[in-house]
Novice: 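Just passing along the structure, written as structure tokens.
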Amino acid sequence: MLLTVVADYGIGDLAFAEVRQRFAQLLPEADVAAIPVPPFDTVSAGFCVAQLAFGDGPADRVIYANVAPRQDEGEPREDNAGERLVAARLDSGVLVVGVAAGASLSFLAAEGVPLHAVNVADAGSQFRSRDVFPGAVAGLVRGDDGLLGDPVTVASVPERAVVYTDGYGNLKTSWYDAPADTGTTVRVRIAGAEVEAMVSDGVFTVPAGTVSFAPGSSGWGGRACYELFARGGNAAELFGFPTSGTPVEVG
């Protein structure tokens, strides 16, 4: 069984190792992988969750997401309480368990996947993803659906925005259709940066040194996410390294 942890602990952080050890204790049959996202970046987390959940892979895989900025309430929190744990079983058999913070589960909800609260404490440790939640994940893996509670509604996916920056600096977006005819040069604005890009039907179908705005390698449900790709360069750098959730305007 493949169990992927999507979290904002930091690349190579001890927290990933501690969570992996906890799952090795509770689910020794699981092959645990880790995907880091930037601190408190629920949009990137939600994008990664959806890409992994809807993509090809073994039916018995599990995605465990923990990006919990505890920003749902501004008042002091008792006993390290935070956003609650939520779960979804996809028709494919994939199990997703994650903290319902920001957009972490919004991409699933946008595709009509039912989300349910998990009957587990939302407090008791600063490090809930190691100390509190893994037991519930293991129970759900073993088929204990008595852990599932009421339906949960989450925030909407940010429209026409940056949703993830990959290791090459490509900016994946929540644009799913072409903003202009193929071959058209457009002005793309993200926050305070404006860059010319060519609308194309593939990221590499532009000359070297050109930024393309084209359907990329990510997406689900028959739709590809458009991404900004600087051939021979780094699109994220050109746009000032925008954070996920920042609107992408084309004119």
Side-chain angles (χ1 to χ4, degrees), residues 1-53 55 57-58 60-74 76-88 94-108 118 120-142 147 162-170 172 236 241-245:
M1 182 185 66
L2 176 63
L3 192 160
T4 303
V5 179
V6 179
D8 60 346
Y9 308 140
I11 296 174
D13 193 278
L14 174 63
F16 277 117
E18 293 192 67
V19 170
R20 184 174 185 178
Q21 285 189 173
R22 182 73 170 127
F23 279 118
Q25 180 185 39
L26 294 168
L27 294 169
E29 70 274 27
D31 176 12
V32 182
I35 302 296
V37 297
F40 306 143
D41 188 348
T42 65
V43 176
S44 289
F47 173 82
C48 291
V49 166
Q51 184 67 29
L52 294 171
D60 64 346
R61 68 191 183 274
V62 180
I63 298 137
Y64 174 53
N66 187 70
V67 178
R70 290 175 168 88
Q71 293 175 346
D72 56 329
E73 295 181 16
R77 308 296 288 262
E78 292 186 7
D79 201 18
N80 290 299
E83 301 94 338
R84 60 186 168 179
L85 196 66
V86 170
V94 174
L95 172 65
V96 176
V97 186
V99 176
S104 289
L105 299 169
S106 298
F107 292 83
L108 293 187
V118 179
V120 65
D122 61 3
S125 170
Q126 177 188 354
F127 198 177
R128 299 178 304 166
S129 56
R130 178 198 65 191
D131 301 331
V132 181
F133 297 153
V137 175
L140 290 167
V141 169
R142 305 285 188 227
L147 287 165
V162 176
V163 294
Y164 185 72
T165 302
D166 70 15
Y168 296 100
N170 302 327
K172 298 178 186 291
F241 298 101
T243 58
S244 289

Novice: Would you check if Val49 and Leu108 make a side-chain contact, meaning some heavy-atom pair closer than 4.5 Å?
Specialist: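 SC-SC contact between Val49 and Leu108 confirmed.
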Novice: For residues Ala53 and Val96, report the shortest heavy-atom separation together with the two atoms involved.
Specialist: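 Shortest heavy-atom contact: CB-CG2, 4.0 Å.
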Novice: What I'd like to find out is whether the side chain of Asn66 reaches to under 4.5 Å of the side chain of Val5, using heavy atoms alone.
Specialist: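 Heavy-atom side-chain distance check fails, nothing below 4.5 Å.
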Novice: Does any part of the side chain of Gln51, heavy atoms only, come nearer than 4.5 Å to the side chain of Phe107, both counted from C-beta?
Specialist: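 When only atoms from C-beta onward are counted, Gln51 and Phe107 do not touch, as no gap falls below 4.5 Å.
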Novice: Distance-only, no hydrogens or angles: does the Arg61 side chain make a donor-acceptor pair with backbone N or O of Pro58 under 3.5 Å?
Specialist: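 The answer is yes, because a donor-acceptor pair under 3.5 Å joins these two groups.
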Novice: For side chain to side chain contact (heavy atoms under 4.5 Å, CB included), just list the numbers for Val141 and Leu95, CA-CA rounded to whole Å, side-chain angles, deciding distance to a tenth of an Å, and then say yes or no.
Specialist: CA-CA 8 Å; Val141 169; Leu95 172 65; 3.9 Å; yes
Novice: Minimum heavy-atom separation for Glu83 and Ala100, please, with both atom names.
Specialist: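 Closest approach of Glu83 to Ala100: CB-O, 3.7 Å.
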Novice: Which side-chain N or O atoms in residues 19-28 pair as donor and acceptor under 3.5 Å with protein atoms at least two apart or in another chain?
Specialist:
{"from": "Arg22", "atom 1": "NE", "to": "Arg130", "atom 2": "O", "distance (Å)": "3.3"}
{"from": "Arg22", "atom 1": "NH1", "to": "Gln25", "atom 2": "OE1", "distance (Å)": "2.6"}

Novice: Within the 4.5 Å heavy-atom criterion, are Ile35 and Thr4 side-chain neighbours or not?
Specialist: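 Contact flag for Ile35/Thr4 side chains = yes.
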Novice: Got a second to check how far Glu29's CD is from Leu2's CG, nearest 0.5 Å?
Specialist: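 If we round to the nearest 0.5 Å, Glu29:CD and Leu2:CG are 12.0 Å apart.
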Novice: Treating Asp31 as the side-chain partner and Met1 as the backbone partner, does any N or O pair qualify as donor plus acceptor under 3.5 Å?
Specialist: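 The answer is no, because no donor-acceptor pair under 3.5 Å joins these two groups.
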Novice: Are Phe133 and Val97 side-chain neighbours, meaning at least one heavy-atom pair lies under 4.5 Å?
Specialist: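 The answer is no, as the side chains (C-beta and beyond) never meet within the 4.5 Å cut-off.
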Novice: Side chain to side chain contact (heavy atoms under 4.5 Å, CB included) with Ser106: which residues, sequence neighbours excluded?
Specialist: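 With neighbours one apart ignored, the set is Ala103, Val154, Ala155, Val157.
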Novice: Decide yes or no for Val118 and Leu140: does some side-chain heavy atom of the first lie under 4.5 Å from some side-chain heavy atom of the second?
Specialist: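 Yes, their side chains come closer than 4.5 Å.
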Novice: Would you mind reporting whether Tyr164 and Asp41 have side-chain heavy atoms less than 4.5 Å apart?
Specialist: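 Counting from C-beta outward, Asp41 and Tyr164 never come under 4.5 Å.
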Novice: Is there a donor-acceptor contact under 3.5 Å from the side chain of Arg84 to the main chain of Ala101?
Specialist: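 No; judged by distance alone, with no hydrogens or angles, the pair does not exist.
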Novice: What's the spacing between Thr165 OG1 and Phe47 CZ if we round to 0.5 Å?
Specialist: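 Answer for the OG1-CZ pair, Thr165 versus Phe47, is 10.0 Å.
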Novice: Looking only at heavy atoms, what is the nearest atom pair of Ser129 and Pro134, with distance?
Specialist: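 What the structure gives for the nearest pair is O-CG, 3.1 Å.
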Novice: If you define the side chain from C-beta out and look only at heavy atoms, does anything of Val6 sit under 4.5 Å from Leu52?
Specialist: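 They are in side-chain contact.
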Novice: Compare every heavy atom of Val43 with every heavy atom of Gly245, then report the nearest pair and how far apart it is.
Specialist: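 Between these two residues, the closest heavy atoms are N-CG1, 4.0 Å.
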Novice: Could you tell me how the ring of Phe16 sits relative to the ring of Tyr9: parallel (under 30°), tilted (30 to 60°) or perpendicular (over 60°)?
Specialist: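 The arrangement is perpendicular - the two ring planes meet at more than 60°.
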Novice: To the nearest 0.5 Å, how far apart are SG in Cys48 and NZ in Lys172?
Specialist: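 Output value for this atom pair is 10.0 Å.
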